[in-house]
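Take a look at the structure set out below.
On a predicted model such as this, the values are computed, not experimentally measured, just so you know.
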Amino acid sequence: QVHLVESGGNSVQAGGSLRLSCAPSGRTDSTYCMGWFRQDGGKEREGVAVVDSDGATTYADSVKGRFTISKDGAKNTLYLQMNNLEPEDTAMYYCAAAAISCSTVVAGRRWDYGMDYWGKGTLVTISS
């Protein structure tokens with residue numbers, strides 16, 4: 001099993017920045033694709049960004065140019081740098097990992113369906 005723990009969520013004003021972190025443990029050698037997802041209230045979970053083992057990244061259109069996903073190759077720690085935050089970014093943010101490539105994950109109808117392991121989330125609230 002793979003255990004994922006997110007941190008860094010906070011309440012900030014629009015235009016501000018936050019950096020989220022995800023610390024994996026367990027059988028991390030079984031993971032290939034890692035990513036960030038978010039869910040606001042009763043809305044569907046949305047894929048935000050993913051990064052493959054080779055460093056290739058894919059972003060949702062809503063965050064392109066504002067968010068940056070990265071991974072520490074030595075520790076396999078996942079990060080999400082969020083800049084120019086908007087009230088629409090308010091959500092619970094989840095870290096996830098998959099045993100398949102990100103290219104396969106994003107080819108699906110919903111990115112979350114391709115993920116195998118999930119963290120419990122960290123809350124991001126953006127006020128206007």
- Task: Please confirm whether the backbone N or O of T68 pairs with a side-chain atom of Y79, one donor and one acceptor, at under 3.5 Å?
- Result: no
- Query: Going hydrophobic residue to hydrophobic residue with side-chain gaps under 4.5 angstrom, can you get from I69 over to V2?
  - Reply: yes
- Message: Just verifying a value: how many Å separate C22 SG and N76 CG, rounded to the nearest 0.5 Å?
- Response: 9.0 Å
- Gap separating the OG atom of S11 from the CD1 atom of I126, nearest 0.5 angstrom: 7.0 Å
- Single-linkage hydrophobic cluster L20~M92, side-chain heavy atoms < 4.5 angstrom: no
- Query: If every non-hydrogen atom of V105 is compared with every non-hydrogen atom of W111, which pair is closest and at what distance?
  - Reply: CG1-O, 3.4 Å
- Item | Inter-residue atom distance C95.SG - K120.NZ, 0.5 Å rounding | 14.0 Å
- Item | V124 vs M82, side-chain contact (heavy atoms from CB on, under 4.5 Å): CA-CA, chis, key distance, verdict | CA-CA 10 Å; V124 172; M82 304 186 293; 3.9 Å; yes
- Message: Within this structure, what is the OG-CG distance for the pair S17 and N84, rounded to the nearest 0.5 Å?
- Response: 8.0 Å
- Report the distance from atom CZ of R38 to atom CZ of F67, rounding to the nearest 0.5 Å. 5.5 Å
- Query: Are there more than 12 heavy atoms of other residues, nucleotides or ligands under 6.0 Å from atom CZ of R19?
  - Reply: yes
- Side-chain donor or acceptor of E6 paired with backbone N/O of G121 under 3.5 Å: yes
- Tested for side-chain contact (heavy atoms from CB on, under 4.5 Å) against L85, the lone hit among T90, V12, T125 is V12
- Item | Residue list, side-chain hydrogen bond (donor to acceptor under 3.5 Å, both in side chains) with D61, at least two apart or on another chain | K64
- So, for Y94 and G119, which heavy atoms are closest and what is the spacing to 0.1 Å? CD2-O, 3.5 Å
- Task: Quick one: closest heavy-atom pair of C102 and Y32, and the distance?
- Result: N-CD2, 4.4 Å
- Item | Distance in Å, Y113 OH paired with R45 CZ, rounded so as to fall on 0.5 Å steps | 10.5 Å
- Does one hydrophobic cluster hold both L18 and W36, with members joined at side-chain heavy-atom distances below 4.5 Å? yes
- Would you name the heavy atoms of E46 and S62 that are closest together and state the gap between them? OE2-OG, 3.3 Å
- Query: K71 and S53: which non-hydrogen atoms are nearest, and at how many Å?
  - Reply: NZ-CA, 3.5 Å
- Message: When you measure from the side chain of D52 to the backbone of D54, do you find a donor-acceptor pair of N or O atoms at a distance under 3.5 Å?
- Response: no
- Note on the structure: Shortest non-hydrogen pair, G47 vs F37, comes out as CA-CD2, 3.4 Å
- Path from L78 to L4 over hydrophobic side-chain contacts below 4.5 Å: yes
- For E44 and D112, run side-chain contact (heavy atoms from CB on, under 4.5 Å): C-alpha distance rounded to whole Å, both residues' side-chain angles, the deciding distance at 0.1 Å, then the answer. CA-CA 10 Å; E44 295 183 357; D112 54 326; over 6 Å; no
- Item | Any donor-acceptor N/O pair, T77 side chain to A23 backbone, under 3.5 Å | no
- Distance-only, no hydrogens or angles: does the E86 side chain make a donor-acceptor pair with backbone N or O of A14 under 3.5 Å? no
- V48 reachable from V106 in the ILVMFWY side-chain graph, under 4.5 Å edges: no
